[in-house]
Amino acid sequence: MFDVRDAFADSRAIEVAPEPLTLDTSRITNPRVREQVEDVVHRLEGSFDTMLSRIVPGGIFVALEEFVGPHSDGAAVVRAAHEAGLLAIDASTASRRVSTERIEGTDVAGIILSAEAFRGHSDWVARGQEGARKSPDALGD
């Protein structure tokens, strides 16, 4: 005989894995810049607390330093992210693409990747907040 309580007990045991943090970079036309942005998002997913980044209203602030490497140009990353519609821009910052955040006592220049451009953003933020409860420095100062 079927017992509804058994079905309910089984359904509670199933956990849904959080959606990984991803960003649709298909609109970035420069393959090298696209790869740099994807690398940063991959590192955010895996080790947010070791990067110059923080959760801010509208999205995720990422220091330009995180994008710069031996074959990269910070200005190209900013331009490409803007043209691809990946930056958080509101009426007060419509003409400004680079922002400054204070991280570990230092003003750091970077961009704010729009929360709306990400998949898995809410799950990622929740995981970050859980990590912050375990380590107070995990989300910046």
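Bear in mind that the values here come from a model prediction, so they are computed numbers and not experimental data.
In this structure Asp24 satisfies the side chain to side chain contact (heavy atoms under 4.5 Å, CB included) test together with Ser26, sequence neighbours excluded. Applying the side chain to side chain contact (heavy atoms under 4.5 Å, CB included) rule to Ala117 yields the partners Leu23, Leu86, Ser114; only residues at least two apart in sequence or on another chain are considered. Residues forming a salt bridge (Lys or Arg N to Asp or Glu O under 4.0 Å) with Glu19 (at least two apart in sequence, or on another chain): Arg119. Applying the side chain to side chain contact (heavy atoms under 4.5 Å, CB included) rule to Glu38 yields the partners Thr25, Arg34; only residues at least two apart in sequence or on another chain are considered. Scanning for salt bridge (Lys or Arg N to Asp or Glu O under 4.0 Å) contacts around Asp39 gives Arg43, with sequence neighbours left out.
Val68 is not listed as a side-chain neighbour of Gln36, based on a closest heavy-atom distance of 4.5 Å or more. Residues Phe67 and Val78 form no side-chain contact, since every pair of their non-hydrogen atoms from C-beta on lies 4.5 Å or further apart. The closest side-chain heavy-atom distance from Leu52 to Glu66 is below 4.5 Å. With contacts defined as side-chain heavy-atom distances shorter than 4.5 Å, the pair Arg97/Leu87 qualifies. In this structure, Ile111 and Leu64 have side chains that are in contact, with non-hydrogen atoms separated by less than 4.5 Å. Counting heavy atoms from C-beta on, the side chains of Phe61 and Leu113 never come closer than 4.5 Å.
Glu45 places no side-chain N or O within 3.5 Å of a backbone atom of Pro20 that could act as its donor or acceptor partner.
The shortest non-hydrogen separation linking Ala84 to Ile28 is CB-CG1, 3.8 Å. Residue Ala88 comes nearest to Gly58 through the heavy atom pair CB-O, 3.6 Å, listed as atom of the first residue, atom of the second, then distance. Of all heavy-atom pairs between Trp124 and Leu44, the closest is NE1-O, 3.1 Å.
Residue Ile60 holds its CD1 atom at 13.0 Å from CZ of Arg54, rounded to the nearest 0.5 Å. To the nearest 0.5 Å, the span separating CD on Glu101 from OG1 on Thr106 amounts to 13.0 Å.
Note on residues 105-117: pairs passing salt bridge (charged side-chain N to carboxylate O under 4.0 Å, His left out), not counting sequence neighbours, are Arg102-Asp107.
A salt bridge is absent between Arg27 and Glu83; no separation between the charged side-chain nitrogens and carboxylate oxygens falls under 4.0 Å.
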